[in-house]
Amino acid sequence: MKTHHDATGQVLIVTGGTSGIGLALAEAYLRAGGIVHVFGTRANPEVTDGITSHQVDVANRAEVFDAVAKIVEAEGRIDALVAAAAIQPRTTILGMDPSEWQRTIDVNLNGVMWAVQAVLPTMINAKRGAIVAFSSGLANVGHPGASAYAATKGALIPWIKSLAAEIAEHHVKANIIYPGVIDTPQFRKANPAGDELEHWKNTLGVGEPEDVVGPLMYLLSDMSTMTGSVLTRERVFGGESH
């Protein structure tokens with residue numbers, strides 16, 4: 001049975017929405033009647049007509065707040081935020097440059113913070129809204145060369161739970177999702193040799209960005225009353241969980 005989500009007239013912001021899971025969600029939300037704005041660090045010609053693209057570095061608080069203010073001025077509302085922007089450097093702990101460590105924190109953790117701070121006043125005023133951020137199975141088990149990414153994804157779990165508790169009285173919900181191993185441009189950039197992709201295909205299984213859209217649409221819809229929850233696509237093989 002397929003569930004149809006009606007997002008007619010509702011406004012969604014997706015950070016990291018110019019590729020991968022973010023873009024797949026943006027396209028689905030548009031087809032459901034929603035108004036979609038995506039943030040990316042550079043223009044992407046693959047962004048579908050009807051989706052408004054903003055060049056925003058989510059690590060820059062001023063840029064995030066300026067873009068959100070323009071959206072509120074144009075649309076008059078923000079119903080949903082999906083914070084999908086992230087980077088995944090593959091560097092050993094010993095070999096990591098301080099600037100790379102800081103940049104990962106700035107994008108993956110601070111970028112969520114700034115986006116949430118920017119949209120919350122509008123959501124609280126409307127007494128409705130849905131926020132979703134992304135964690136990763138690597139937050140539980142770690143991975144060689146992925147310490148910075150894993151650390152930021154781990155930090156987001158208690159952060160989202162704290163956020164959910166703070167905003168529940170305003171009828172705004174916040175959840176976090178572990179999408180599993182998904183074949184996205186970010187994953188391929190982090191693994192240019194392709195060895196890990198083949199490993200996960202033969203063990204955990206590898207999904208496509210569209211596989212994550214259904215759960216995201218549910219969390220953003222009025223059908224879901226979940227808040228402070230972790231939604232996970234998790235399978236365990238040989239002690240490894242992703």
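Quick caveat, the model's predicted, so the values are computed rather than measured.
- Expressed to the nearest 0.5 Å, how far CZ of R103 lies from CG of D97 amounts to 13.5 Å.
- Rounding to the nearest 0.5 angstrom, the gap separating the CH2 atom in W101 from the CG atom in D106 is 11.5 Å.
- Sorted by first then second residue, the salt bridge (Lys or Arg N to Asp or Glu O under 4.0 Å) pairs that include residues 153-171, not counting sequence neighbours, number zero.
- When the salt bridge (Lys or Arg N to Asp or Glu O under 4.0 Å) test is applied to R61, no partner is found at least two apart in sequence or on another chain.
- Criterion: ILVMFWY side-chain heavy atoms under 4.5 Å apart, direct or through other members. Under it, V112 and F65 are not part of a common hydrophobic cluster.
- Looking at M226 and L219, their side chains come closer than 4.5 Å, going by heavy atoms from C-beta outward.
- In this structure, the side chain of T15 engages the main chain of A85 through a donor-acceptor pair within 3.5 Å.
- Counted by atom type alone, T91 and E100 present one or more donor-acceptor pairs between their side chains at under 3.5 Å.
- Counting heavy atoms from C-beta on, the side chains of V82 and L25 come closer than 4.5 Å.
- No side-chain donor-acceptor contact under 3.5 Å links E63 to the backbone of V56.
- In summary, of the residues considered (M123, H37, Q10), a side chain to side chain contact (heavy atoms under 4.5 Å, CB included) with I78 occurs for M123 alone.
- Taking the ring-ring contact (aromatic ring centres under 6.0 Å, His included) definition, one finds that F39 meets it with H54, sequence neighbours left out.
- The CD1 atom of I71 lies 8.0 Å from the OG1 atom of T52; values are rounded to the nearest 0.5 Å.
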